[in-house]
Colleague: 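Here it is, the structure in full.
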Amino acid sequence: MEIKNAIFYKTIMKLEEMPKEGLFEIALTGRSNVGKSSFINSICNNNKLARTSKTPGKTITLNFYLINNSFYFVDMPGYGYASREKDILYNFSESTNLYVEKRKELKGFISIIDSRTLTNDDKEMIEYLKHRSIPFIIILSKIDKLKRNDIRKRVDIISKELSVNKELIIPYSSYTKENIDKVLNSLETNLLFS
Ligand SMILES: Nc1nc2c(ncn2[C@@H]2O[C@H](COP(=O)(O)OP(=O)(O)OP(=O)(O)O)[C@@H](O)[C@H]2O)c(=O)[nH]1
Ligand SMILES: [Mg+2]
């Protein structure tokens, strides 16, 4: 697929404010600062679309982006930052929590994991998605920080640790856009038309 058109739709604080047209939604999840907002900007070719920051905790609401006039990306607050000791699910704000639990339009997740470090929060998130049978793909972010040879090794290790098929794990860099074709194909086949 190709992303021809991406616009900021709205920021949502309560479930009542969600779009009512019934379009599919693909949510972005991952640790704070892992590069969720940068990922959206990168694959949509617009660095002004989503706000990014060096400081974790930048995205604090659900932000909807309308893609190709046909589905939404939903940028979510990151986990693992605000209250590290607590269970990952309690790290979500109430509206995020309700969104994941109740939203029928939510078709699946793009789970972003730092290619260099897999955390317990990441593991819990993937367990949660599996447990609820929610479709997901995994993007290993920031591969521009890894040596060539290490990229494939990290995919192997993370695939084993999470018990997730390698086909669902795509190494990516929002800076260099390496593997963007694979990302878009996987989004299409595993999430949008699954
Ligand atoms: N080297 C490198 N840095 C990246 C990449 N993607 C994002 N970053 C940097 O990582 C930092 C966090 O990026 P964000 O996109 O704001 O991360 P986020 O996951 O949306 O963070 P929260 O909204 O706080 O949960 C920023 O300084 C980005 O420039 C990447 O592919 N490579
Ligand atoms: Mg963000």
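Both ligands and their constituent atoms are indexed starting at 1 by order of listing. We number each residue from 1, following the sequence as shown.
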Colleague: Before giving the answer on salt bridge (charged side-chain N to carboxylate O under 4.0 Å, His left out), spell out for D156 and K153 the whole-Å C-alpha distance, their side-chain angles and the decisive distance to 0.1 Å.
Modeller: CA-CA 5 Å; D156 285 343; K153 285 186 205 153; over 6 Å; no
Colleague: Rest of the hydrophobic cluster containing I151 (Ile/Leu/Val/Met/Phe/Trp/Tyr, side-chain heavy atoms under 4.5 Å)?
Modeller: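 When side chains under 4.5 Å apart are linked, the cluster holding I151 also contains I143, L146.
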Colleague: Indicate yes or no for a side-chain donor-acceptor contact from S111 to the backbone of I137 under 3.5 Å, with no hydrogens or angles considered.
Modeller: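 Not a single qualifying donor-acceptor pair exists.
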Colleague: Taking it one step at a time, do C44 and I67 satisfy side chain to side chain contact (heavy atoms under 4.5 Å, CB included)?
Modeller: CA-CA 8 Å; C44 295; I67 309 302; 3.8 Å; yes
Colleague: Restricting to under 2.8 Å, identify the protein N, O or S atoms around the Mg ion (ligand 2) as residue plus atom.
Modeller: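 Correct list: S37 OG, T59 OG1.
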Colleague: Which of these, N63, T52, D75, sits in a side chain to side chain donor-acceptor pair (under 3.5 Å) with S37?
Modeller: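 Option passing the side chain to side chain donor-acceptor pair (under 3.5 Å) with S37: D75.
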Colleague: What closest approach, in Å, do K142 and N33 show between heavy atoms, and which atom pair accounts for it?
Modeller: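 Distance-wise, the nearest heavy atoms are NZ-O, 2.8 Å.
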Colleague: Under the side chain to side chain contact (heavy atoms under 4.5 Å, CB included) criterion, do E25 and Y99 qualify, and how do the steps go?
Modeller: CA-CA 11 Å; E25 292 158 13; Y99 174 71; 2.8 Å; yes
Colleague: Of all residues at least two apart in sequence or in a different chain, which pass the side chain to side chain contact (heavy atoms under 4.5 Å, CB included) check with E161?
Modeller: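 In terms of side chain to side chain contact (heavy atoms under 4.5 Å, CB included), with neighbours along the sequence ignored, E161 is linked to L118, K123, I157.
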Colleague: How are the rings of Y72 and Y9 set to each other: parallel, tilted or perpendicular (split at 30° and 60°)?
Modeller: tilted
Colleague: Between ligand 1 and the protein, tabulate every N or O atom pair separated by less than 3.5 Å, reporting distance only.
Modeller:
| residue | atom | partner | partner atom | Å |
| --- | --- | --- | --- | --- |
| ligand 1 | 1 (N) | D144 | OD2 | 2.8 |
| ligand 1 | 3 (N) | Y175 | OH | 3.3 |
| ligand 1 | 10 (O) | K142 | NZ | 3.0 |
| ligand 1 | 13 (O) | S38 | OG | 3.4 |
| ligand 1 | 15 (O) | S37 | N | 3.4 |
| ligand 1 | 15 (O) | S38 | N | 2.8 |
| ligand 1 | 15 (O) | S38 | OG | 2.6 |
| ligand 1 | 16 (O) | S53 | N | 3.0 |
| ligand 1 | 17 (O) | G35 | N | 3.2 |
| ligand 1 | 19 (O) | V34 | N | 3.3 |
| ligand 1 | 19 (O) | G35 | N | 3.0 |
| ligand 1 | 19 (O) | K36 | N | 2.9 |
| ligand 1 | 19 (O) | K36 | NZ | 2.7 |
| ligand 1 | 20 (O) | S37 | N | 3.0 |
| ligand 1 | 20 (O) | S37 | OG | 2.9 |
| ligand 1 | 21 (O) | N33 | N | 3.0 |
| ligand 1 | 23 (O) | T59 | N | 2.9 |
| ligand 1 | 23 (O) | T59 | OG1 | 2.7 |
| ligand 1 | 24 (O) | G57 | N | 2.8 |
| ligand 1 | 24 (O) | K58 | N | 2.8 |
| ligand 1 | 25 (O) | K36 | NZ | 2.9 |
| ligand 1 | 25 (O) | G78 | N | 3.3 |
| ligand 1 | 29 (O) | Y175 | OH | 2.6 |
| ligand 1 | 31 (O) | D144 | OD1 | 3.4 |
| ligand 1 | 31 (O) | S174 | N | 2.8 |
| ligand 1 | 32 (N) | D144 | OD1 | 2.7 |
| ligand 1 | 32 (N) | D144 | OD2 | 3.4 |

